[in-house]
Amino acid sequence: MADQSIPEARAPRTPKAASKAGSKAAPTAASASKGEAPLNGGAGDDASRAGVLSRRRLLGTAGATGLVLGAAGGAVGYAARPAEATPLASLGAGQVMFHGKHQPGILQGLQARGHLVAFDLAAGAGRKEAAALLRRWSETARRLMAGEAAQQDDTDVARDAGPSSLTITFGFGFGFFARTGLEKQRPIALDPLPDFSSDQLDKARSNGDLWVQIGADDALVAFHALRAIQKDAGRAAKVRWQMNGFNRSPGATSSPMTARNLMGQMDGTRNPKPAEADFDRRIFVPQSGSKDPAWMANGSYAVVRRIRMLLDDWEQLPVKAQEEVIGRRKSDGAPLSGGTETTEMDLEKTDKAGNLVVPINAHARITRPDQNGGAAMLRRPFSYHDGIGADGVPDAGLLFVCWQADPLRGFVTVQRKLDRGDALSKYIRHESSGLFAVPGGAAEGEYVGQRLLEG
């Protein structure tokens with residue numbers, strides 16, 4: 001069996017030290033543009049930048065390293081290490097900047113842990129209370145993303161960790177604008193999504209006045225942020241729904257590769273990339289020349305769907321049948337028409353019997369931008385598993401999150417096409433839905449949404 005690795009014990013870092021260490025590993029949009037991996041997992045490069053010490057070697061040199069094995073109950077403890085010791089793992093040092101042109105949590109690669117949570121403003125809360133809440137949330141996000149403690153009543157859950165590439169993203173739902181008297185500032189693009197035949201939506205787990213997306217490469221760091229955001233809400237807002245997700249941990253694969261979903265399929269091969277000339281036009285609201293209100297400049301629209309995968313039915317299919325449903329090979333994500341994962345799909349190729357190699361109702365065929373008038377979305381999902389029912393059926397699937405400058409031209413266009421005959425629809429069920437306006441990033445000294453709430 002291959003050696004397992006244990007990260008070296010580290011002396012607790014001060015907020016200042018955590019911020020300094022994190023800044024050296026900050027992900028950038030430029031890194032996300034190199035190939036597909038950063039937008040679909042970004043997993044491989046952490047292994048190369050993180051020093052590791054094998055479990056066997058560490059146990060064999062316990063006296064030298066200060067590892068203490070207690071006889072009573074097999075307890076394991078760590079002796080204090082010198083403050084100048086070099087960390088053996090750098091995963092926790094990754095830091096994303098809070099302030100910027102766009103909000104964090106959109107351009108960064110997939111994160112190992114995620115929480116999605118929607119709030120409704122409390123009865124009697126209006127524009128003033130909403131502004132104070134966004135001011136508190138923004139300050140908390142800034143501090144936690146820098147690896148610092150919350151300003152008040154920190155729970156110490158993430159006390160020993162670095163920033164772990166934490167991102168916190170804020171958005172506004174349709175109902176927020178009536179509650180705050182800002183109906184005239186509500187974007188037309190935020191009109192409710194149409195009904196789709198595959199929808200079996202739970203209204204209690206859909207929509208909401210405010211939406212928060214939390215992602216990190218460490219589960220405790222993500223949970224710490226969730227608790228801080230919930231506590232900051234105070235009496236101004238109450239949780240409407242909350243969902244937990246996960247992805248493959250960075251460094252789990254030998255090289256960067258597209259993520260896989262719970263069906264075992266590579267998911268996100270054709271995600272648009274920041275290096276593409278029309279990327280910003282498709283994903284972000286422009287600063288001028290748009291029908292959107294000025295406060296949405298550099299922002300985006302997030303469609304959030306809880307999509308349950310009917311895994312028992314799916315897993316009964318032979319691999320060949322699964323591949324025909326998707327239109328790609330399960331092993332490496334290559335199109336059934338041949339080549340590698342990034343090879344352009346040949347939609348006209350036929351087999352010896354004259355049948356299309358990529359079936360007419362294959363998911364990958366239907367969702368192609370060139371089959372939908374150029375419609376494109378930046379997909380940034382999390383998988384989820386909410387337990388196994390009494391009948392033995394897993395409640396698992398995808399927390400689908402996609403970003404676009406115009407949801408009508410992005411998600412709605414593609415979903416309408418899927419609604420008319422996607423082979424995958426037999427094996428999935430859309431159980432909740434939300435659409436949120438996510439404003440651009442906050443400048444230094446600003447809070448998210450300030451141009452809306454104080455405009």
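Side-chain atoms of Gln404 come within 3.5 Å of backbone N or O of Cys402 as a donor-acceptor pair. Remark: the backbone N or O of Gln265 is paired with a side-chain donor or acceptor of Asn261 at under 3.5 angstrom. In this structure, Trp241 contributes its side chain and Val117 its backbone to no donor-acceptor pair below 3.5 Å. Proximity of a side-chain donor or acceptor of Arg136 to a complementary backbone N or O of Ile229 within less than 3.5 Å is not detected. Of the possible polar contacts, none joining the Gln185 side chain to the Pro293 backbone as a donor-acceptor pair under 3.5 Å is found. Listed for the His115 side chain is no donor-acceptor partner under 3.5 Å among the backbone atoms of Gly245. Side-chain N or O atoms of Lys231 include one that pairs as donor or acceptor with a backbone N or O of Asp153 at under 3.5 Å. Between the side chain of His385 and the main chain of Ala396, no donor-acceptor pair closer than 3.5 Å is present. Here the side chain of Gln322 pairs a donor or acceptor atom with the backbone of Trp314 at under 3.5 angstrom. For Ser300 (side chain) and Ile283 (main-chain N/O), a donor-acceptor pair under 3.5 Å exists by modelled atom type.
By the salt bridge (Lys or Arg N to Asp or Glu O under 4.0 Å) test, Arg235 is found to be paired with no residue, residues two or more places apart in sequence or in another chain being considered. Take Asp332 and apply the salt bridge (Lys or Arg N to Asp or Glu O under 4.0 Å) test, not counting sequence neighbours, and it matches Arg329. The side chain to side chain contact (heavy atoms under 4.5 Å, CB included) test applied to Ala297 returns Gln287, not counting sequence neighbours. A search for side chain to side chain contact (heavy atoms under 4.5 Å, CB included) contacts involving Ala376 returns Arg282, not counting sequence neighbours. Here Thr367 pairs with His363, Val414, Leu418 under the side chain to side chain contact (heavy atoms under 4.5 Å, CB included) rule; sequence neighbours left out. Partners of Arg142 by salt bridge (Lys or Arg N to Asp or Glu O under 4.0 Å), not counting sequence neighbours, listed by chain and number: Glu139. In this view, Arg179 and Asp209 satisfy the salt bridge (Lys or Arg N to Asp or Glu O under 4.0 Å) rule, not counting sequence neighbours.
The shortest side-chain heavy-atom distance between Pro381 and Val401 does not fall under the 4.5 Å cut-off. At a threshold of 4.5 Å between non-hydrogen side-chain atoms, the residues Met296 and Pro187 count as touching. Residues Val304 and Leu435 fail the side-chain proximity criterion, which asks for heavy atoms closer than 4.5 Å. Side-chain atoms of Ile214 and Val212, non-hydrogen and from C-beta on, do get closer than 4.5 Å to each other. The closest side-chain heavy-atom distance from Pro439 to Gln103 is below 4.5 Å. Between Ser432 and Lys203 the shortest side-chain heavy-atom distance does not fall below 4.5 Å. Using a 4.5 Å cut-off on side-chain heavy atoms (C-beta onward), Arg380 and Trp403 make contact. Side-chain contact between Leu378 and Asn271: present, with at least one pair of heavy atoms (C-beta onward) separated by less than 4.5 Å.
Nearest approach of Pro274 to Leu107, heavy atoms of both residues: CG-CD2, 4.4 Å. Nearest heavy atom pair, residue Leu166 against residue Val96, reads O-CB, 3.9 Å. Contact detail for Val157 and Leu220: the closest heavy-atom pair is CG1-O, 3.6 Å. The two residues Thr169 and Gly105 make their nearest non-hydrogen contact at OG1-CA, 3.6 Å. Here the closest heavy-atom approach between residue Ala161 and residue Val221 is recorded as CB-CG2, 3.7 Å. The shortest non-hydrogen separation linking Val285 to Ala405 is CG2-O, 4.0 Å.
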Audit row: Asp312, Tyr427, side chain to side chain donor-acceptor pair (under 3.5 Å) steps and yes/no: CA-CA 9 Å; Asp312 284 351; Tyr427 304 98; over 6 Å; no
Side chain to side chain donor-acceptor pair (under 3.5 Å) for Thr167 and Gln111? Distances and angles first, verdict last. CA-CA 9 Å; Thr167 62; Gln111 292 157 297; 3.1 Å; yes
Would you check, one step at a time, whether the test side-chain contact (heavy atoms from CB on, under 4.5 Å) holds for Tyr384 with Leu398? CA-CA 6 Å; Tyr384 78 87; Leu398 196 70; 5.5 Å; no
Would His224 and Asp154 count as a side chain to side chain donor-acceptor pair (under 3.5 Å) here? Give the steps. CA-CA 9 Å; His224 177 243; Asp154 191 272; 2.9 Å; yes
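In this pair, Phe172 and Trp295 present their aromatic rings perpendicular. The plane angle is above 60°, beyond the 30 to 60° band.
One distance of note links OG of Ser433 with CZ of Phe411; it measures 6.0 Å at 0.5 Å rounding. To the nearest 0.5 Å, the span separating CE on Met257 from CD on Glu341 amounts to 7.5 Å. Here the CE-CG distance, from Met263 to Leu310, works out to 7.0 Å after rounding to the nearest 0.5 Å. Separating the CG atom in Leu134 from the CD atom in Gln450 is a distance of 10.0 Å, to the nearest 0.5 Å. We find the OG1-CZ distance between Thr180 and Arg186 to be 9.5 Å, quoted to the nearest 0.5 Å. To the nearest 0.5 angstrom, Leu399 atom CG is 8.0 Å from Asn244 atom CG.
Salt-bridge formation is detected for the pair Asp267/Arg379: a Lys NZ or Arg NE/NH1/NH2 atom is positioned less than 4.0 Å from an Asp or Glu carboxylate oxygen. The pair Arg281-Asp278 meets the salt-bridge criterion, with a side-chain N (NZ, NE, NH1 or NH2) lying under 4.0 Å from an Asp/Glu carboxylate O. A salt bridge does not link Asp406 to Arg409: none of the charged nitrogens lies less than 4.0 Å from a carboxylate oxygen. A salt bridge links Arg305 with Asp199: at least one charged nitrogen is closer than 4.0 Å to a carboxylate oxygen.
Each ring-ring contact (aromatic ring centres under 6.0 Å, His included) pair with one or both residues in residues 428-453, not counting sequence neighbours, appears once here: Trp211-Phe436. The side chain to side chain donor-acceptor pair (under 3.5 Å) contacts involving residues 117-129 comprise Asp120-Arg240, where partners must be two or more places apart or lie in separate chains. Pairs of residues two or more places apart, or lying in two chains, that qualify as salt bridge (charged side-chain N to carboxylate O under 4.0 Å, His left out) and include a residue from residues 440-455 are Arg135-Glu454. Applying the salt bridge (charged side-chain N to carboxylate O under 4.0 Å, His left out) definition to pairs two or more places apart or across chains, those involving residues 387-400 are Arg306-Asp395, Arg308-Asp395. Pairs of residues two or more places apart, or lying in two chains, that qualify as ring-ring contact (aromatic ring centres under 6.0 Å, His included) and include a residue from residues 129-157 are Phe119-Trp137, Trp137-Phe170.
Donor-acceptor pairing under 3.5 Å is lacking for the side chains of Asn372 and Thr413.
Within a 6.0 Å sphere centred on CD of Gln152, other residues, nucleotides and ligands contribute 12 heavy atoms or fewer.
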